[in-house]
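Worth saying up front: this structure is predicted, and the values here are computed from it rather than measured.
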Amino acid sequence: QVQLVESGGGLVQAGGSLRLSCSVSGRTFSSYAMGWFRQAPGKEREFVAAVTWISGTPLYGDSVKGRFTISRETAKNTVYLQMNSLKPEDTAAYYCAVSSILTRGTSSYNYWGPGTQVTVSS
C-alpha cells in the first residue's frame, strides 16, 4: 500500500508564495509519476502539475504554467510544488497522487493523499 501525506498549505495574500510537500511511503514502483491536483468547492478536480520520479520530467496545467514549479527529492521520497504569484482563484484543496504514467488524467492516478488547503486572499 502507498501512503501520501501533503503539507505546507495555509493562508497567503495574492501575489505571495507557498511550497507544498508530499511525502510518499509504502510500496514504490520501478517507474511512476507524482501529480498535484486541486479542487475548489463546487468545482471538478483540476490537474496542476506532475513529474516523473526517475527523470524529473515535468508537466503543467495551463492555469499554473509559469507560476508553479514541481520538483522531487528522491532521497527523501518527497515531491514539492512551489507556488508563486498566487491568485485568489488558486484557492482550493491540493492533493498529491501517484500514477504509472505522466499524464493530466485524474483517472490514471491510483493513490491519493488527504489534501492540504490553500487559501489566497485578495
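In this structure, G105 and T103 approach most closely via the heavy-atom pair N-OG1, 3.0 Å. When all heavy atoms of S99 and S108 are compared, the closest pair comes out as OG-O, 3.1 Å. Closest heavy-atom contact between S17 and S85: OG-N, 4.4 Å. Y109 and A50 get closest at one heavy-atom pair: OH-CB, 3.4 Å. When every heavy atom of I70 is checked against every heavy atom of V79, the shortest pair comes out as CG1-CG2, 3.9 Å. Summarising the geometry of Y95 relative to G115, their closest heavy-atom pair is CD2-CA, 3.5 Å, with the distance given to 0.1 Å.
To the nearest 0.5 angstrom, L81 atom CG is 10.5 Å from C22 atom SG. Considering CG of L59 and OG1 of T52, their distance stands at 10.0 Å, rounded to 0.5 Å. To the nearest 0.5 Å, atom OG of residue S21 and atom CZ of residue R72 are 15.0 Å apart. Note that the CG atom of L20 and the CH2 atom of W36 stand 4.5 Å from one another [nearest 0.5 Å].
Under a hydrophobic-cluster definition in which Ile, Leu, Val, Met, Phe, Trp and Tyr are linked whenever side-chain heavy atoms come within less than 4.5 Å, directly or via other members, V51 and Y111 are assigned to the same cluster. Both V118 and V48 are members of a single hydrophobic cluster when ILVMFWY side chains are connected at heavy-atom separations under 4.5 Å. Neither Y80 nor M83 shares a network with the other; the hydrophobic side chains, linked directly or stepwise wherever heavy atoms of I, L, V, M, F, W or Y lie under 4.5 Å apart, form separate groups for each. In the hydrophobic clustering of this structure, V64 groups with V12; members are Ile, Leu, Val, Met, Phe, Trp, Tyr whose side-chain heavy atoms approach within less than 4.5 Å, directly or through other members. In this structure, V2 is a member of the same hydrophobic cluster as Y32, with clusters built from ILVMFWY side-chain heavy atoms closer than 4.5 Å.
Shown here are the ring pair (Phe, Tyr, Trp, His ring centres under 6.0 Å) partners of F47, two or more places apart in sequence or in another chain: F37. Residues satisfying the salt bridge (charged side-chain N to carboxylate O under 4.0 Å, His left out) test with E46, not counting sequence neighbours, are R38.
Formation of a donor-acceptor pair under 3.5 Å by the T78 side chain with backbone atoms of S23 is not found in this model. In this structure, S122 contributes its side chain and P88 its backbone to no donor-acceptor pair below 3.5 Å. Between the side chain of R104 and the backbone N or O of Y60, at least one donor-acceptor pair lies under 3.5 Å.
Across L86, L11, T116, D90, a single residue satisfies side-chain contact (heavy atoms from CB on, under 4.5 Å) together with L18, and that is L86.
Contact check for L4 versus M34: side-chain heavy atoms found under the 4.5 Å cut-off.
Taking 4.0 Å as the cut-off between side-chain N and carboxylate O, D62 and K65 count as a salt-bridged pair.
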